[in-house]
Amino acid sequence: MRIEYQTQRFSERFFVLMLILFAVQVGFGLIVGAQRVDPALLSGALNFNVARSEHTNLGILWILCGFIGTILYVGPLLSRRELVAPWLVKVLFYALIAVVVWNVFTLTLAQRGIAGWWAGQPWLQEGLEYIDAGRGADLVILIGFAILATIVLRTFPPRRQWNEIHWGLAIGVTALTAVWVFGLFFVERLDGQEYFRWFVVHYWVEGVWEVIHISLIGFLIVLMFGANVRAVGYAVFWGVTLVWLSGLLGNAHHYFWIGTPDFWQFWGSLFSALEPLPLVFCFWHIYLDAHHDRRPLANAPAFYFILGSVVLEQVGAGILGFTMTFALTNAWSHGTWVTPSHAHLALFGTFGMLGLAAAYFAIPAVRGIERFDQRLGKLGFWLLFIGMLGMSLAFALGGTVQVYEMRILGLDWFGADLRRAMLPYQILVPVFGFVFAIGAIVVVYDLLTLGARAAARATATQPGPQSAAAHSGLPVPRPATGWARPLGGFEAGTWLLAMWIFGAIITLGLLSFNLPTVRSGDSYLPHILAGIGYPGLLAVTLLFVWRFLASLEARTGAGDEGAGHAAAASAAPAGGATPVTATG
């Protein structure tokens, strides 16, 4: 299939930049993992704090590239017209490159204590986690977000023709710009500084990015499966509503320990506990949309990453976020390795996988590829998925040991006893990180060379003695038995329930640190509960995704040497007005 609008081609450059930054970020992640094992590694040349900041910031930047690329690809389809002001898209792209270069080089100044202070503002870098960019880059970022919002809002049809997906994206890009304003000034008091830092970080992730994520996932499902736009719009509306109702006050779980009033501990715990509701809703609607008409899975890599995004959102952001946002559990998990277990699954799982899914959907269409070999995309997904689950497991179990050793026994972080206790998990992080890195290499290579390999294969392949169905491009049905049998709603709900049961076990494990017997030195209960909860949750997650995808693959033909239809072949609804009809 070919793209319908020429300005959709602008999305490709953002996806390519996304892939390059993804690869570099993974490289910094491997360095950080190795430095956890040997703290002296690269000391003085690339200190741990700098490598970690580069890893974190590049993660945010490549995820933003994926968001922008996806929005630019679906914007014309939603609006039934070309993007307005293409020159602004070019300005946005070069501004994004400038911010990336600025961040990569100015963060190294932290080793020498250089922030570039002038007029009471740090213009080069400010050393605030997740928003390290100095004020100079901040202003460029603000202009870039304003450009994105302008392009989207001017491209969209008149407001009376908007459906819920239009509203979700419009709210998302507008709020993306507005929330960033709170990161544009420096506050000397630590509690005030942390308040506004988490205001930006939390509302970006759980009040803005989630809105964009839900809207984009909804429209991609419409394109891939021909799902009913009214039903998807209903899901988008309630997803966005629940995100904002729970997330606005749920931000208070960041205020527990920075000198803010005690009432935040109650309200933060309450509304943070409600934040998984929209994630459960999104998770369930993906199941319904993928099964509503039993359509064959034409683009496996794209849907693999969509499913991975929604499931890891449920597990990383929802379940693991739920376990640590009560004041009584957060008192122990805060600032330990338990937190990056949640953060890695939530950030990469939810938003990173969406960008990779959209790239697998858009790049073949932009390059005019009708069929491509999907095996590398599938392999890359499983390597990334297993690698991320393994890293999160190592972080979580190591964090449980860390809580006990540091906060019960009072051992120092660099003490010999604590280091000895955590060393197995410090080794496991780079081991699974290496698996993840191999997956990243496979995916980046696959997407960057997709056009060249598809052209070479089309030239070299000659018709052979295969079935007429295989040559016609039609699916060759597979027996839907055993593990690949159709996935029913009751079974899907059972898998979801099992995830939450293990999440409850994890929560009880963190709560058990409050017991007098544990605080007196008896560590058996929290360690046993963690040893059951974390492996159980991640194992169920892996098995469920495997089961879900096996049931969908059974609808798809074996094809020619593993080749499947092009990503856009499943996007038939994009050619008509159905996906963009206002729902009234």
Chemist: Considering all heavy atoms of both residues, which atom of I217 and which atom of S309 are nearest to each other, and what is their separation?
Modeler: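 Closest pair (atom of I217, atom of S309, distance): CD1-OG, 4.4 Å.
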
Chemist: Has E206 got a side-chain atom pairing as donor or acceptor with A317's backbone, closer than 3.5 angstrom?
Modeler: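 Side chain of E206 to backbone of A317: no pair is present.
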
Chemist: Are the aromatic ring centres of F67 and W209 under 6.0 angstrom apart?
Modeler: yes

Chemist: Check whether any side-chain heavy atom of F381 lies under 4.5 Å from a side-chain heavy atom of L384, and answer yes or no.
Modeler: no

Chemist: Between F199 and Y203, does a ring-ring contact (aromatic ring centres under 6.0 Å, His included) hold up when you go through it step by step?
Modeler: CA-CA 6 Å; F199 190 94; Y203 287 143; 4.6 Å; yes

Chemist: Looking at CZ of F432 and CD1 of I427, how far apart are the two atoms once the value is rounded to the nearest 0.5 Å?
Modeler: 13.0 Å

Chemist: Calculate, to the nearest 0.5 Å, the distance between atoms CG and CG belonging to L279 and L312 respectively.
Modeler: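 Answer rounded to 0.5 Å: 12.0 Å.
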
Chemist: With a 4.5 Å cut-off on side-chain heavy atoms, are V243 and L277 touching?
Modeler: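 They are not in side-chain contact.
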
Chemist: Heavy-atom count around F490 CZ within 6.0 Å, excluding the residue itself: above 12?
Modeler: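 Not buried by this count: 12 neighbours or fewer within 6.0 Å.
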
Chemist: Any donor-acceptor pair under 3.5 Å linking the side chain of N47 with the backbone of N49?
Modeler: no

Chemist: Less than 4.5 Å apart, side chain to side chain, heavy atoms only: is that true for Y534 and T400?
Modeler: yes

Chemist: side-chain contact (heavy atoms from CB on, under 4.5 Å) for Q25 and W62? Distances and angles first, verdict last.
Modeler: CA-CA 9 Å; Q25 189 231 2; W62 79 258; 2.9 Å; yes

Chemist: Are the aromatic ring centres of H527 and Y404 under 6.0 angstrom apart?
Modeler: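 Ring-ring flag for H527/Y404: true, centres closer than 6.0 Å.
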
Chemist: Are H342 and S392 linked by a side-chain donor-acceptor pair shorter than 3.5 Å?
Modeler: no

Chemist: Looking at I221 and F303, what are the two nearest heavy atoms and their distance?
Modeler: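 That would be CD1-CE1, 4.2 Å.
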
Chemist: Between N330 (side chain only) and F326 (backbone N and O only), is there a donor and an acceptor less than 3.5 Å apart?
Modeler: no

Chemist: Are F544 and F548 close enough that their ring centres sit under 6.0 Å apart?
Modeler: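 Centroid separation for F544 and F548: below 6.0 Å.
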
Chemist: What is the distance from atom CE of M422 to atom OG1 of T336, rounded to the nearest 0.5 Å?
Modeler: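 Reported value, rounded in 0.5 Å steps: 8.0 Å.
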
Chemist: Distance-only, no hydrogens or angles: does the D522 side chain make a donor-acceptor pair with backbone N or O of Y524 under 3.5 Å?
Modeler: yes

Chemist: Counting only heavy atoms not in W267 (residues, nucleotides, ligands), do more than 12 fall under 6.0 Å from its CH2?
Modeler: no

Chemist: Output, in order, the C-alpha distance, side-chain angles, deciding distance and verdict of ring-ring contact (aromatic ring centres under 6.0 Å, His included) for Y255 and Y195.
Modeler: CA-CA 7 Å; Y255 303 159; Y195 181 93; 4.6 Å; yes

Chemist: Under the side-chain contact (heavy atoms from CB on, under 4.5 Å) rule, what do D289 and F225 come out as? Steps first, then yes or no, please.
Modeler: CA-CA 7 Å; D289 294 334; F225 291 101; 5.6 Å; no

Chemist: With V280, which residues qualify under side-chain contact (heavy atoms from CB on, under 4.5 Å), at least two apart?
Modeler: Q314, L496, W500

Chemist: Give the ring-plane orientation class for F22 versus F348, where under 30° counts as parallel, over 60° as perpendicular and anything between as tilted.
Modeler: parallel

Chemist: Should L418 and D412 count as side-chain neighbours, where that means a heavy-atom distance under 4.5 Å?
Modeler: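 When only atoms from C-beta onward are counted, D412 and L418 do not touch, as no gap falls below 4.5 Å.
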
Chemist: For the backbone of F237 and the side chain of E164, can you confirm whether one donor and one acceptor N or O come within less than 3.5 Å of each other?
Modeler: no

Chemist: Would you give the length of the straight line joining atom CG of L428 to atom CZ of R36, rounded to the nearest 0.5 angstrom?
Modeler: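 Those atoms lie 13.0 Å apart.
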
Chemist: Could you go through the side-chain contact (heavy atoms from CB on, under 4.5 Å) check for V311 and T541 one step at a time?
Modeler: CA-CA 8 Å; V311 171; T541 301; 3.7 Å; yes

Chemist: Does the pair Y425 and V401 meet the rule for a side-chain contact (heavy atoms from CB on, under 4.5 Å), with working shown?
Modeler: CA-CA 9 Å; Y425 308 104; V401 172; 3.8 Å; yes

Chemist: What closest approach, in Å, do R485 and R547 show between heavy atoms, and which atom pair accounts for it?
Modeler: O-NH1, 2.8 Å

Chemist: We want to know whether H253 and T325 form a side-chain donor-acceptor pair, criterion being a heavy-atom distance below 3.5 angstrom.
Modeler: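 T325 and H253 do not have a side-chain donor-acceptor pair below 3.5 Å.
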
Chemist: Shortest non-hydrogen contact from L487 to S551?
Modeler: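 It is CB-OG, 3.7 Å.
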
Chemist: Would the distance check show the side chain of T241 and the main-chain N or O of W238 forming a donor-acceptor pair, the cut-off being under 3.5 Å?
Modeler: no

Chemist: Looking at side-chain heavy atoms only, is the closest gap between E194 and H254 below 4.5 Å?
Modeler: no

Chemist: Would you give the length of the straight line joining atom CD1 of I528 to atom CD1 of I505, rounded to the nearest 0.5 angstrom?
Modeler: 12.0 Å

Chemist: Check whether any side-chain heavy atom of P39 sits under 4.5 Å from a side-chain heavy atom of R419, and report yes or no.
Modeler: yes

Chemist: CD1 of I408 to CZ of F513: how many Å apart, nearest 0.5 Å?
Modeler: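 Those atoms lie 6.5 Å apart.
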
Chemist: With no hydrogens and no angle check, do the side chains of Y304 and E553 hold a donor and an acceptor under 3.5 Å apart?
Modeler: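 The answer is yes; a qualifying pair exists.
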
Chemist: For the residue pair Y130 and W204, establish whether any side-chain heavy-atom pair is separated by less than 4.5 Å.
Modeler: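 A side-chain contact under 4.5 Å is absent here.
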
Chemist: Is a donor from one side chain sitting under 3.5 angstrom from an acceptor on the other, for D446 and Y360?
Modeler: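 The answer is yes; a qualifying pair exists.
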
Chemist: Please check if atom CZ in F434 has more than 12 non-hydrogen atoms from other residues, nucleotides or ligands closer than 6.0 Å.
Modeler: no

Chemist: Go through the structure and list residues passing ring pair (Phe, Tyr, Trp, His ring centres under 6.0 Å) with W244, not counting sequence neighbours.
Modeler: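 None.
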
Chemist: Identify the heavy atoms of A110 and V50 that sit nearest to each other, and give their distance.
Modeler: CB-CG2, 4.3 Å

Chemist: Verify, without hydrogens or angle tests, whether R197 (side chain) and E129 (backbone) share a donor-acceptor contact under 3.5 angstrom.
Modeler: yes

Chemist: Just by distance, do the side chain of Q402 and the backbone of L397 share a donor-acceptor pair under 3.5 Å?
Modeler: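 Checking the backbone N and O of L397 against the side chain of Q402, no donor-acceptor pair under 3.5 Å is found.
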
Chemist: Mind checking whether F305 and L354 have side chains closer than 4.5 Å, heavy atoms only?
Modeler: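 When only atoms from C-beta onward are counted, L354 and F305 do not touch, as no gap falls below 4.5 Å.
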
Chemist: Is it the case that the side chain of H213 and the backbone of F351 share a donor-acceptor pair, with hydrogens and angles ignored and the cut-off at 3.5 Å?
Modeler: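 No: the side chain of H213 does not pair with the backbone of F351.
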
Chemist: Are any side-chain N or O atoms of H285 and backbone N or O atoms of F281, one a donor and one an acceptor, separated by less than 3.5 Å?
Modeler: no

Chemist: Which heavy atom of G503 sits nearest a heavy atom of I319, and at what distance?
Modeler: CA-CG2, 3.6 Å

